[in-house]
Amino acid sequence: TIARALMSIGDDETMASTLRSNRFSLPTAVIRAAIDRGELPKSTDPTFLAELLLAPILHRAVILGDPIKPAFIADVIDVVLAGAAKAKRR
């Protein structure tokens with residue numbers, strides 16, 4: 001299962017490293033572009049924001065075993081980006 005595969009990643013450092021670098025490359029690039037366009041504050045951490053976007057999707061897929069519908073993804077993006085646009089970095 002997906003859950004078992006994800007849990008075993010810790011045992012394979014090459015796989016873990018590849019997953020970490022690939023998992024965030026596209027979302028962080030999109031987030032950096034949004035920062036450059038002024039759509040998100042310059043203080044936005046692209047990696048942290050990518051984690052916030054991906055976590056509920058992975059939770060739904062792996063933990064709950066529920067389908068990932070486009071409307072759910074859109075809702076996650078809307079909520080996370082709305083928070084990011086107003087957040088003040090500490």
Side-chain angles (χ1 to χ4, degrees):
T1 68
I2 293 173
R4 208 171 305 139
L6 288 173
M7 291 170 58
S8 69
I9 288 172
D11 299 331
D12 184 339
E13 186 52 41
T14 302
M15 183 187 295
S17 177
T18 301
L19 178 64
R20 282 186 210 109
S21 65
N22 291 337
R23 175 180 60 173
F24 291 117
S25 60
L26 179 59
T28 54
V30 171
I31 293 164
R32 282 190 184 99
I35 294 167
D36 292 342
R37 289 189 305 267
E39 296 170 1
L40 290 169
K42 293 230 181 265
S43 60
T44 300
D45 179 342
T47 302
F48 180 66
L49 191 55
E51 285 182 75
L52 291 176
L53 287 165
L54 295 173
I57 296 165
L58 288 172
H59 179 267
R60 181 167 280 202
V62 176
I63 304 300
L64 301 178
D66 290 344
I68 307 301
K69 297 180 179 176
F72 175 74
I73 294 171
D75 288 346
V76 168
I77 292 169
D78 289 346
V79 169
V80 172
L81 292 182
K86 294 180 181 183
K88 295 188 181 6
R89 294 294 294 166
R90 297 165 216 243

Side chains of residues 28-42: which donor-acceptor partners sit under 3.5 Å, not counting sequence neighbours?
from	atom 1	to	atom 2	distance (Å)
Thr28	OG1	Phe24	O	2.4
Thr28	OG1	Ser25	O	3.3
Arg37	NE	Glu39	OE1	3.4
Arg37	NE	Glu39	OE2	2.9
Arg37	NH2	Glu39	OE1	2.9

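Hydrophobic clustering (side-chain heavy atoms under 4.5 Å, transitive across Ile, Leu, Val, Met, Phe, Trp, Tyr) keeps Val79 apart from Leu54. Following chains of ILVMFWY side-chain contacts shorter than 4.5 Å, one can reach Leu49 starting from Ile73, so the two form part of one hydrophobic cluster.
For the atom pair CG of Leu53 and CG of Leu58, the computed distance is 11.0 Å after rounding to the nearest 0.5 Å.
Closest approach of Pro56 to Val76, counting heavy atoms only: CG-CG1, 3.7 Å.
Residue pairs satisfying the salt bridge (Lys or Arg N to Asp or Glu O under 4.0 Å) criterion with at least one member in residues 56-83, sequence neighbours excluded, are absent.
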